[in-house]
Every structure is written in structure tokens, then in C-alpha cells.
Participant: 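Sharing a structure, written as C-alpha cells. Questions coming.
This chain uses plain numbering: 1 for the first residue, then up along the sequence. Heavy-atom basis, side chains included; hydrogens, waters and symmetry copies ignored. Every value quoted in this text rests on a predicted model; they were computed, and no experiment measured them.
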Amino acid sequence: AAAQARALAEAQGTCATLERRLEAAEADAARARAAGGEQLEALEEKLRAAEATRRKLHNTIQELRGNIRVFARVRPFLPGDGDADARKPAVEPGADG
């Protein structure tokens, strides 16, 4: 009977130790989830800001492409323009090429 009492006391002590460890692990997991949630929110905010910047830059690039097309637009010679060989180009290369 004494051996059984010792075994029972030892088992109860082990059980209590394991319960404390479980509580500590659950508390650590809760803290990790909270920290992970905060980190996720920060990363999502960073993503939204980066997307806004990307859209702004994309729109600027599209606008500049349109401006370049308008600036570099060339009209073909029309029948009333005269002889294409006799016309001087509107832009002549300078001395540097």
C-alpha cells in the first residue's frame, strides 16, 4: 500500500508539472498569435502603400508614353505637299551627329 501511495503521489506531481507546462505553452502560443497578427497588419499596410505607389508610377509612365507618341508623331506626305524629294526635313542633324 505504501508503494502504491508513493506511485500515486509521484504521478500526481508529474501531472501537476505537465499541467503547468501546458499552461505556459498555451500562454506562449497566445502571445505568438498576437504578435503575428500585429505583424500581419503591418505587412498588409505596407502592401497597400506599395500598391498605391505602383499605380501612381504606372499612370505616370502611361502618360509619358502618350506624350512621347504625340511629340514624335510623323505625318505622311499628302498629294498636295509637293515632291517628297524636294522637301527639306523639319529636323536636321547637328554637327555632333
Participant: Would you mind writing out the side-chain donor-acceptor pairs for residues 28-43 within the sub-3.5 Å range, not counting sequence neighbours?
Facilitator:
from: Asp28; atom 1: OD1; to: Arg31; atom 2: NH2; distance (Å): 2.1

Participant: What donor-acceptor contacts under 3.5 angstrom involve side-chain atoms of residues 50-57, with partners at least two apart or in another chain?
Facilitator:
from: Glu51; atom 1: OE1; to: Arg54; atom 2: NH2; distance (Å): 3.4
from: Thr53; atom 1: OG1; to: Ala49; atom 2: O; distance (Å): 3.1

Participant: Are any non-hydrogen side-chain atoms of Arg21 and Leu18 less than 4.5 angstrom apart?
Facilitator: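 Yes; the side chains approach each other to less than 4.5 Å.
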
Participant: Taking only residues two or more places apart in sequence, or in another chain, which ones meet Leu8 in a side chain to side chain contact (heavy atoms under 4.5 Å, CB included)?
Facilitator: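 Once residues adjacent in sequence are excluded, the partners of Leu8 under the side chain to side chain contact (heavy atoms under 4.5 Å, CB included) criterion are Gln12.
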
Participant: How would you list, by chain and number, every residue that makes a salt bridge (charged side-chain N to carboxylate O under 4.0 Å, His left out) with Arg20, sequence neighbours excluded?
Facilitator: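 If we apply the salt bridge (charged side-chain N to carboxylate O under 4.0 Å, His left out) test to Arg20, skipping adjacent residues, there are no hits.
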
Participant: For Asn59, give me all partners under side chain to side chain contact (heavy atoms under 4.5 Å, CB included), at least two apart in sequence or on another chain.
Facilitator: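 For Asn59, no residue satisfies side chain to side chain contact (heavy atoms under 4.5 Å, CB included) once neighbours in sequence are set aside.
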
Participant: Please enumerate all residues that pass side-chain hydrogen bond (donor to acceptor under 3.5 Å, both in side chains) together with Arg6, with sequence neighbours excluded.
Facilitator: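 Arg6 satisfies side-chain hydrogen bond (donor to acceptor under 3.5 Å, both in side chains) with no residue once adjacent residues are dropped.
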
Participant: Which residues pass the side-chain hydrogen bond (donor to acceptor under 3.5 Å, both in side chains) test with Glu45, not counting sequence neighbours?
Facilitator: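 Counting only residues at least two positions away or on another chain, Glu45 forms a side-chain hydrogen bond (donor to acceptor under 3.5 Å, both in side chains) with Arg48.
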
Participant: Which pairs, with at least one residue in residues 61-72 and sequence neighbours excluded, count as a side-chain hydrogen bond (donor to acceptor under 3.5 Å, both in side chains)?
Facilitator: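 Found Gln62-Arg65.
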
